[in-house]
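See structure below.
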Amino acid sequence: MEQKNSKSISGFSKLSKDEKIQWIAQHFYENTDEVTKDLKRFWQADEDLQKTIDGFSENTISNFIFPFGVAPNFVINGETYCVPMVIEESSVVAAASSAAKFWFNRGGFKAEIIDTVKIGQVHFTWKGDFEQLQSHFPAIQQQLLDDTSHITANMRKRGGGVLKIELLNMTDSEPDYYQLRVSFETCDSMGANFINSVLEEFGRSLKHFIANCNGIEEKDCTIIMAILSNYTPDCLVRVSVESKIEDLGQFPGMDAVTFAQKFHKAIRIATIDPYRATTHNKGIFNGIDAVVLATANDFRAIEANGHTYAARDGQYRSLSSCSIEDGTFRFWMDIPLTVGTVGGLTKLHPLAKRSLEMLGHPSARELMGIIAAVGLAQNFAAVRSLVTTGIQKGHMKMHLMNVLNHLSANEEEIEAATIHFECHHISFSSVRDFLDAKRKEKVLHS
Ligand code: MEV
């Protein structure tokens with residue numbers, strides 16, 4: 001191991017896990033022994049399991065634990081689900097569960113898959129005449145399909161594969177720049193590896209075709225890159241709930257009509273104002289990401305996709321919509337979601353496997369519906385709080401519990417604090433002072 005200065009190192013990846021921790025603890029911390037203990041505390045006792053987890057990434061030194069919770073009572077297309085959620089933010093699972101329960105008795109969520117098309121691109125430059133290239137495109141397409149048939153064979157057997165190859169002339173935006181835009185169906189897999197393998201082969205095949213084609217004069221084609229696009233506006237699910245306004249019930253401080261009108265206005269605000277839209281959509285992704293993580297899908301891809309879709313007309317807007325017509329309150333969302341229920345980590349991660357079992361081994365399409373429903377439920381719960389009690393009431397309740405736990409409050413203290421903070425401001429110091437006073441009082445009386 002070569003050490004250049006105290007904070008850099010070469011050959012780190014070759015160190016054992018113990019050596020990695022030792023180096024980190026010594027170079028980045030004062031309390032080396034304590035840090036070493038903390039990092040090792042989260043190692044799995046089951047060595048095989050630890051090996052599996054280490055295999056997901058590189059330079060692993062420990063496991064970072066997130067809570068794994070569930071939101072029961074989700075009715076989606078008539079099926080009842082208990083939905084697994086992995087999230088560190090308090091109130092999210094409680095909010096999802098509460099919204100699921102609310103809609104449970106009002107027909108539940110309806111999810112409809114609009115389409116499941118995934119997109120990939122081969123970006124290339126070429127200095128020749130576009131019409132010449134275009135005239136050879138039918139032959140090029142056939143060549144690309146033939147050259148990748150060994151990669152696509154299994155996917156074709158499952159009903160998927162390459163759906164369409166388009167040649168796009170991008171030279172108005174960038175000199176000599178063209179693109180193959182490829183549509184894929186990847187069935188129950190997210191399909192990233194499949195798509196990227198096909199695209200890279202397409203790149204090689206295209207370059208070869210152009211270099212060897214008699215009818216094409218300019219032979220020099222440069223493949224810049226070949227990669228899937230995480231923007232998939234045609235891998236889309238629509239999820240909705242609806243109710244007669246009078247069946248919505250009562251809300252804190254207001255009747256159902258007032259609630260529906262305020263809720264509708266809140267969605268309008270998130271549609272026209274990007275500042276509000278960002279927070280509004282963040283709330284939707286609180287739910288979406290939690291299920292995506294629990295099922296070991298790619299939450300970064302899901303986020304990027306959703307946010308681009310939210311800005312599809314040039315302005316970032318709410319992903320969800322609301323209408324009030326003929327006394328009916330309707331709340332819905334169209335959202336692109338690329339998820340898999342086979343491949344990737346879905347079976348390798350032991351708890352992701354359990355999540356999918358809990359959901360009844362859903363297909364990718366069914367999982368799209370479940371994830372979208374949780375996102376809409378989350379949004380419903382957040383906006384319901386915002387337009388009625390405000391969000392802090394619920395959040396502060398959870399915060400109080402976290403602080404009480406942190407200060408090792410016992411059951412009696414928790415009960416007293418819960419009553420006291422019903423009408424007092426909650427902060428770390430106010431809870432600490434309350435507990436200190438209670439404990440002093442107890443010592444005095446003992
Ligand atoms: C907090 O994580 C999410 C909310 O801010 C969402 C919203 O404002 O709609 C409560």
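Computed from heavy atoms alone, side chains included, the values below leave out hydrogens, waters and symmetry copies.
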| task | Give a yes or no on whether a salt bridge exists between Arg158 and Glu185, defined as a side-chain N under 4.0 angstrom from a carboxylate O. | result | no
| said: Regarding Glu357 and Arg354, does a basic nitrogen lie under 4.0 Å from an acidic carboxylate oxygen? | reply: yes
| remark: Closest non-hydrogen contact found for Ala377 with Ala99 is O-CB, 3.3 Å
| task | May I ask you to decide whether Arg204 forms a salt bridge with Glu201, counting only side-chain N to carboxylate O separations under 4.0 Å? | result | yes
| said: Using the side-chain hydrogen bond (donor to acceptor under 3.5 Å, both in side chains) definition, which of the options Asp115, Thr338, Asn305 pairs with Thr232? | reply: Asn305
| Is it true that Phe428 and His406 have ring centroids separated by less than 6.0 Å? | yes
| Side-chain donor/acceptor of Gln26 to backbone N/O of Thr32, under 3.5 Å | no
| said: Salt bridge check, Lys118 against Asp234: does any charged N sit closer than 4.0 Å to a carboxylate O? | reply: no
| message | Do the side chains of Asp188 and Arg365 get close enough for a salt bridge, i.e. N-O under 4.0 angstrom? | response | no
| field | Centroid separation His307 to Phe285 less than 6.0 Å | value | yes
| Residues Ser149 and Thr152: side-chain donor-acceptor under 3.5 angstrom | no
| said: Any salt bridge linking Arg439 with Glu413? Criterion: basic side-chain nitrogen under 4.0 Å from a carboxylate oxygen. | reply: yes
| field | Over-ring placement of Arg41 relative to Trp43, 6.0 Å and 45° cut-offs | value | no
| Ring centres under 6.0 angstrom apart (Tyr177, Trp126) | no
| Does the ring center of Phe331 lie less than 6.0 Å from the ring center of Phe263? | yes
| said: Closer than 4.0 angstrom, basic N to acidic O: yes or no for Arg317 and Asp313? | reply: yes
| request: Flag this pair as yes if the NZ/CZ of Arg384 is under 6.0 angstrom from the six-membered ring centre of Phe102 and inside a 45 degree cone about the axis; otherwise no. | output: yes
| said: Can a donor-acceptor pair be found, under 3.5 Å and without considering hydrogens, that links the side chain of Asn196 to the backbone of Ala192? | reply: yes
| field | Proximity of Phe380 and Trp103 rings by center, below 6.0 Å | value | yes
